[in-house]
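Structure, as structure tokens:
Residue numbering restarts at 1 for every chain, and letters A, B, ... go by the order of the sequence lines. Heavy atoms only: backbone and side chains are in, while hydrogens, waters and symmetry mates are out.
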Amino acid sequence: MSLRTDISRAIADARDRAIRSGALTIAPDAALPTVGLERPANPDHGDWASNAAMQLAPVARAAPMRIAEALLEHFEPPPSIAAGSVAAPGFLNFRLAPEWVAAQVGPIRDAGDAYGHHVVDGAERFNVEFVSANPTGPLHVGNARGAFVGDVLCRVLAAAGHEVVREYYFNDFGGQVKALGASVRALRAGEPIPEDGYRGDYVREMAESVPAEVIDAAEAAEGDEADWVYGRWASEVQRRGIEASLAALGVAFDVWKTESSIHDEGWVERGVSKLRDAGYVYEDEGATWFKATAFGDDRDRVIYRSNGAPTYFAADIGYVSEKFSRGFDELIYVWGENHHGAVARLLHAAEALGHDPDAVRILLYSWVRFVREGEAVSMSKRSGQFVTLDDLMAEVGADPVRWFFSSRAFTSGIDFDLELAKKQSNENPVYYVQYAHARACSILRHAAEQGLSADAQGTGELLLHPSEQELIRHLLDFPDTVAQAAERRETHDVPRYAYELATAFSAFYRDAKVLTDDAGVSAARLALVDAARSVLANALQLLGISAPESM
RNA sequence: GCGCCGGUAGCUCAGUGGAUAGAGCGUCGGCCUCCGGAGCCGAAGGUCGCAGGUUCGAAUCCUGUCCGGCGCGCCA
């Protein structure tokens with residue numbers, strides 16, 4: 001039970017009582033608006049504010065101010081609320097009870113790592129597929145956003161109480177594997193790399209380290225088959241590299257799925273025949289088509305080419321069936337916005353297969369423009385001009401990069417200045433948050449040396465200073481922050497929250513000396529420091545950012 | 001041409017119908033006998049791209065328009 005739901009419910013109860021008592025009359029068939037509740041930016045407006053009266057005005061056909069007064073009159077405050085008031089043009093403002101606030105330190109501290117977790121009522125099963133870069137080269141900075149957006153989203157969903165399967169999809173089936181193999185073969189033969197080949201240094205390195213058995217197999221192969229032999233080997237090498245890079249970033253996956261397995265296990269055939277039975281498949285010009293126009297698409301989509309080879313979309317049809325067969329409530333795809341052309345046909349295919357299209361959610365993140373000394377960095381894998389993700393981590397460090405990506409809405413196109421990211425590293429907000437955590441740890445160390453220990457008994461009377469109260473109010477906001485981020489499938493509330501919490505902790509540190517001659521005060525403040533430390537660590541953990549005990 | 005995403009402070013970005021539009025960086029000015037100065041306090045800085053509309057109320061919703069990014073394959 002969060003503070004937010006507590007207060008919302010009390011307002012709804014007040015509304016119902018007001019209606020029963022006749023203080024409010026609602027049109028009989030009118031739907032009641034949901035109670036809006038927010039933390040106002042201006043402290044003069046209290047700790048929580050509701051616009052319920054203004055939202056009720058149309059259905060109650062009364063002035064918002066009068067409705068607000070009626071609501072307040074019938075309001076039975078929960079223990080957390082000290083006072084309510086009405087403000088023009090009809091806001092209901094509530095102030096938390098300071099003693100109640102202060103008394104929350106113990107429970108927050110006792111909850112520890114679990115605080116802010118399991119905050120949703122209905123837990124669901126999510127499949128989150130992200131990164132899924134082709135195994136034709138190392139991950140580059142263009143994959144960074146998808147990796148961190150997906151990772152943090154998974155952390156948030158899991159913290160909120162959902163079950164999450166993290167999945168990576170390898171396209172090991174299409175022509176790019178052959179093109180990669182052809183590039184390796186050409187380099188070994190001293191021939192020019194084909195037009196559609198890959199040119200990075202990593203291709204050269206691979207060409208120089210092909211194992212003997214692969215060479216033998218390639219030389220024994222006929223025609224194009226040699227390209228495939230090299231290609232399959234090279235893409236395995238790249239796949240291992242990708243897995244290692246992601247592991248080094250702290251981005252974990254539960255399932256590594258390959259496109260070829262979707263074909264081999266018959267998911268594509270079964271999916272297509274299901275579509276055919278439903279009347280959404282036809283043949284034309286030797287190709288097999290999905291009737292996407294039946295779902296409002298601009299054009300129908302090819303499933304099998306006239307040469308019989310399946311398209312990428314064919315695998316998507318099989319894959320979405322395979323995912324749903326595992327019993328997920330929602331499938332999340334984290335894609336770069338350049339794939340948005342494929343969104344409609346995937347949703348339409350899911351619908352045609354009999355699935356709820358609302359259970360398929362495709363998150364398109366906008367492109368990042370990487371800039372170095374004012375110049376945009378080109379990142380084409382085929383041209384070989386790119387900065388690898390490993391390079392980026394070595395240069396800037398994982399914590400600032402994670403902060404950078406998780407603190408911006410994924411729909412915003414953003415600039416990432418590599419030089420600036422390094423140069424400003426000491427001014428970076430991520431260090432400010434980590435610093436607050438380290439400082440809290442330091443205070444606790446000092447306390448231990450002096451034989452002082454935290455005690456949350458009696459904080460209700462001792463932690464009434466405005467800075468103490470403000471800090472605790474921020475701690476109380478954490479569960480809502482997690483719940484809201486999970487609900488919105490968006491992560492950037494979390495860094496903002498962490499920063500504000502760090503600021504509140506700094507203000508507390510400035511105003512309230514923890515280690516004092518008064519044992520009771522010291523024990524209470526130590527409990528608050530420990531609670532703040534714990535919540536800072538929880539917030540950083542959600543972002544996959546380290547919480548150092550000293551810096 | 002059609003579609004998707006953007007346009008908010010000098011820069012990078014928050015703000016998905018509410019009260020005086022916010023933060024970081026940068027700029028300017030203050031604060032170190034005291035638990036960590038990677039800190040604290042204060043200031044300057046914005047016709048929310050533009051024009052209409054919807055309503056008690058619009059950065060937010062609708063329409064149009066301009067600018068930028070990305071798509072519109074029997075590529076993946």
Side-chain angles (χ1 to χ4, degrees), chain A residues 36 38 40-42 44-45 49-51 54-55 57-58 63-64 87-91 93 132 134 136 171 173-177 179 196 259 284-289 298-299 301-316 336-344 364-367 369 403-404 407-417 420-421 423-436 438-447 449-450 452 488 490 492-493 495-496 499-500 502-503 506-507 509-516 522 525-526 529 550-551:
Chain A
E38 62 172 13
N42 186 339
D44 293 343
H45 299 144
S50 176
N51 62 356
M54 289 176 285
Q55 288 180 321
F91 286 102
N93 295 333
S132 297
N134 292 344
T136 53
N171 305 134
F173 196 79
Q176 83 274 3
V177 171
D196 63 349
E259 184 178 1
D284 187 38
E285 296 178 9
T288 303
W289 297 74
D298 317 347
R299 48 178 298 154
R301 305 290 172 175
V302 174
I303 301 171
Y304 292 106
R305 292 182 265 256
S306 49
N307 67 6
T311 60
Y312 184 83
F313 176 51
D316 271 349
E337 66 170 346
N338 58 326
H339 289 98
H340 86 256
V343 170
L364 298 175
Y365 61 88
S366 296
W367 273 152
R369 215 169 61 107
W403 182 274
F404 183 86
S407 59
R408 283 141 175 93
F410 56 76
T411 50
S412 291
I414 50 180
D415 282 0
F416 190 109
D417 190 313
L420 212 58
K423 219 180 293 175
Q424 293 184 346
S425 62
N426 281 350
E427 305 299 328
N428 194 307
V430 69
Y431 295 110
Y432 179 80
V433 177
Q434 290 180 319
Y435 182 77
R439 179 183 260 168
C441 291
S442 173
I443 294 170
L444 293 165
R445 278 193 301 271
H446 279 282
E449 286 164 11
Q450 296 177 24
L452 294 168
R488 292 171 61 175
E490 179 61 276
H492 67 277
D493 292 327
R496 190 144 36 93
Y499 188 86
E500 287 170 3
T503 302
S506 295
Y509 172 82
R510 179 195 66 220
D511 293 341
K513 186 152 165 58
V514 178
L515 307 177
T516 68
S522 293
R525 288 182 178 164
L526 277 170
V529 169
S550 64
M551 295 174 70

| said: Using the side-chain heavy atoms of A/Asn134, tell me which of these nucleotides is nearest: B/rA76, B/rG36, B/rC13. | reply: B/rA76
| request: Take atom CG of A/Asn428 and atom P of B/rG26, then tell me their distance rounded to the nearest Å. | output: 11 Å
| What is the nucleic acid contact for A/Ser442, judged by heavy atoms within less than 4.0 Å: base, sugar-phosphate only, or nothing? | base
| note | Ranking B/rC13, B/rG36, B/rG71 by distance to the side chain of A/Ser550, first place goes to B/rG36
| remark: Scanning both residues in full, the closest heavy-atom pair of A/Glu490 with A/Arg408 reads OE1-O, 4.4 Å
| query | Within the pair A/His45 and B/rG18, is there a side-chain N or O less than 4.0 Å away from OP1 or OP2? | reply | no
| field | Base of B/rG71 paired with side chain of A/His339 (donor-acceptor, under 3.5 Å) | value | no
| A/Thr411 vs A/Glu490, nearer the 5' end of RNA chain B by closest nucleotide | A/Thr411
| said: Ignoring hydrogens and geometry beyond distance, is the side chain of A/Ser306 in donor-acceptor contact with the base of B/rC74 at under 3.5 Å? | reply: yes
| field | Heavy-atom closest contact (A/Ala179 atom, A/Asp196 atom, distance) | value | CB-O, 3.5 Å
| Within the structure shown, what part of the strands sits under 4.0 Å from A/Gln450 by heavy-atom distance: base, sugar-phosphate, or nothing? | nothing
| Atom pair distance, as rounded to whole Å: OH in A/Tyr431 and C1' in B/rC25 | 15 Å
| said: If I take atom OH in residue A/Tyr312 and atom P in nucleotide B/rC72, what distance separates them, rounded to the nearest angstrom? | reply: 14 Å
| task | Tell me which nucleotide among B/rC13, B/rG69, B/rG36 gets nearest to the side chain of A/Glu337. | result | B/rG69
| field | Separation of atom CG in A/Leu364 from atom P in B/rG69, rounded to whole Å | value | 18 Å
| task | Name the residue closer to the 5' end of RNA chain B, choosing between A/Arg301 and A/Gly175 according to the nucleotide with the nearest heavy atom. | result | A/Arg301
| task | Using a 4.0 Å heavy-atom cut-off across all strands, classify A/Asn171 as base, sugar-phosphate, or nothing. | result | sugar-phosphate
| Looking at A/Tyr509, does any N or O in its side chain come under 4.0 Å of the phosphate oxygens OP1/OP2 on B/rG37? | yes
| query | Which nucleotide, B/rA19, B/rC35, B/rC13, lies nearest any side-chain atom of A/Ser412? | reply | B/rC13
| query | Is A/Arg299 near enough to B/rG73 that one of its side-chain N or O atoms lies under 4.0 angstrom from OP1 or OP2? | reply | yes
| request: Would you indicate what A/Ala438 reaches in the nucleic acid, counting non-hydrogen atoms under 4.0 angstrom: base, sugar-phosphate, or nothing? | output: base
| message | What's A/Ile303 touching, base or sugar-phosphate or nothing? Going by heavy atoms closer than 4.0 Å. | response | nothing
| Distance below 4.0 Å between A/Arg488 side-chain N/O and B/rG15 OP1 or OP2 | yes
| task | Ignoring hydrogens and angles, answer whether the base of B/rG18 and the side-chain atoms of A/Asn51 contain a donor-acceptor pair closer than 3.5 Å. | result | yes
| message | Quick check: do A/Arg525 and A/Thr516 have side-chain heavy atoms less than 4.5 Å from each other? | response | yes
| task | For nucleotides B/rC62 and B/rC72, find the distance between their C1' atoms and express it as a whole number of Å. | result | 26 Å
| N/O (side chain, A/Arg510) to phosphate O (OP1/OP2, B/rC41) under 4.0 Å | yes
| message | Rounding to an integer number of angstrom, what distance separates B/rA58 and B/rG18 when you compare their P atoms? | response | 11 Å
| Nearest listed nucleotide, side chain of A/Tyr435, among B/rG18, B/rA14, B/rG37 | B/rG37
| task | Quickly work out the A/Tyr499 OH to B/rC40 P distance and round it to whole Å. | result | 7 Å
| field | Heavy-atom check, side chain of A/Met54 versus side chain of A/Pro89, under 4.5 Å | value | yes
| query | Atom CG of A/Asp415 to atom P of B/rG7: distance rounded to whole Å? | reply | 14 Å
| said: Less than 4.0 angstrom between a side-chain N/O of A/Arg305 and OP1 or OP2 of B/rC75, yes or no? | reply: yes
| task | Might you point out which heavy atoms bring A/Asn171 and A/Ser132 nearest each other, and give the distance in Å? | result | OD1-O, 4.2 Å
| said: Need one value for A/His446: base, sugar-phosphate or nothing, where a base atom within 4.0 Å counts as base even if backbone is also close, heavy atoms only. | reply: sugar-phosphate
| said: Rounding to an integer number of angstrom, what distance separates B/rG24 and B/rC61 when you compare their C1' atoms? | reply: 30 Å
| task | Return the value, rounded to whole Å, for the distance between atom CZ of A/Phe404 and atom C1' of B/rC11. | result | 12 Å
| Is the phosphate of B/rC40, meaning OP1 or OP2, less than 4.0 Å from a side-chain N or O of A/Tyr432? | yes
| task | Select base, sugar-phosphate, or nothing to describe what A/Ala344 touches, counting heavy atoms under 4.0 Å on all strands. | result | nothing
| How would you label the contact of A/Ala512 with the nucleic acid (heavy atoms, under 4.0 Å): base, sugar-phosphate, or nothing? | base
| query | Does the ring of A/Tyr435 carry A/Arg439 above it, NZ/CZ under 6.0 angstrom from centre and within 45° of its axis? | reply | no
| query | A/Trp289 has an atom CH2; how far is it from atom P of B/rG73, in whole Å? | reply | 10 Å
| request: Quick one: closest heavy-atom pair of A/Ala436 and A/Ala502, and the distance? | output: CB-CB, 3.8 Å
| Side-chain donor or acceptor of A/Ser550 paired with backbone N/O of A/Ala438 under 3.5 Å | no
| Out of B/rC70, B/rG39, B/rG15, which has the shortest distance to the side chain of A/His340? | B/rC70
| task | Please check the phosphate of B/rG37 (OP1 and OP2 only) for any side-chain N or O of A/Arg439 closer than 4.0 Å. | result | yes
| note | Closest non-hydrogen contact found for A/Phe404 with A/Asp415 is CZ-O, 3.2 Å
| Of the candidate nucleotides B/rG24, B/rC5, B/rA76, which contains the atom at the shortest distance from the side chain of A/Ser366? | B/rC5
| Syn/anti state of B/rC13 by chi, 90° boundary around 0 | anti
| request: Could you give the distance separating B/rC4 and B/rC41 at their C1' atoms, to the nearest angstrom? | output: 46 Å
| field | Side-chain N or O of A/Ser407 closer than 4.0 Å to phosphate OP1/OP2 of B/rA14 | value | no
| query | Among the nucleotides B/rA76, B/rC13, B/rG15, which one has an atom lying closest to any side-chain atom of A/Thr311? | reply | B/rA76
| said: Determine whether a donor-acceptor pair (one donor, one acceptor, N or O, separation below 3.5 Å) exists between the side chain of A/Asn93 and the base of B/rA19. | reply: yes
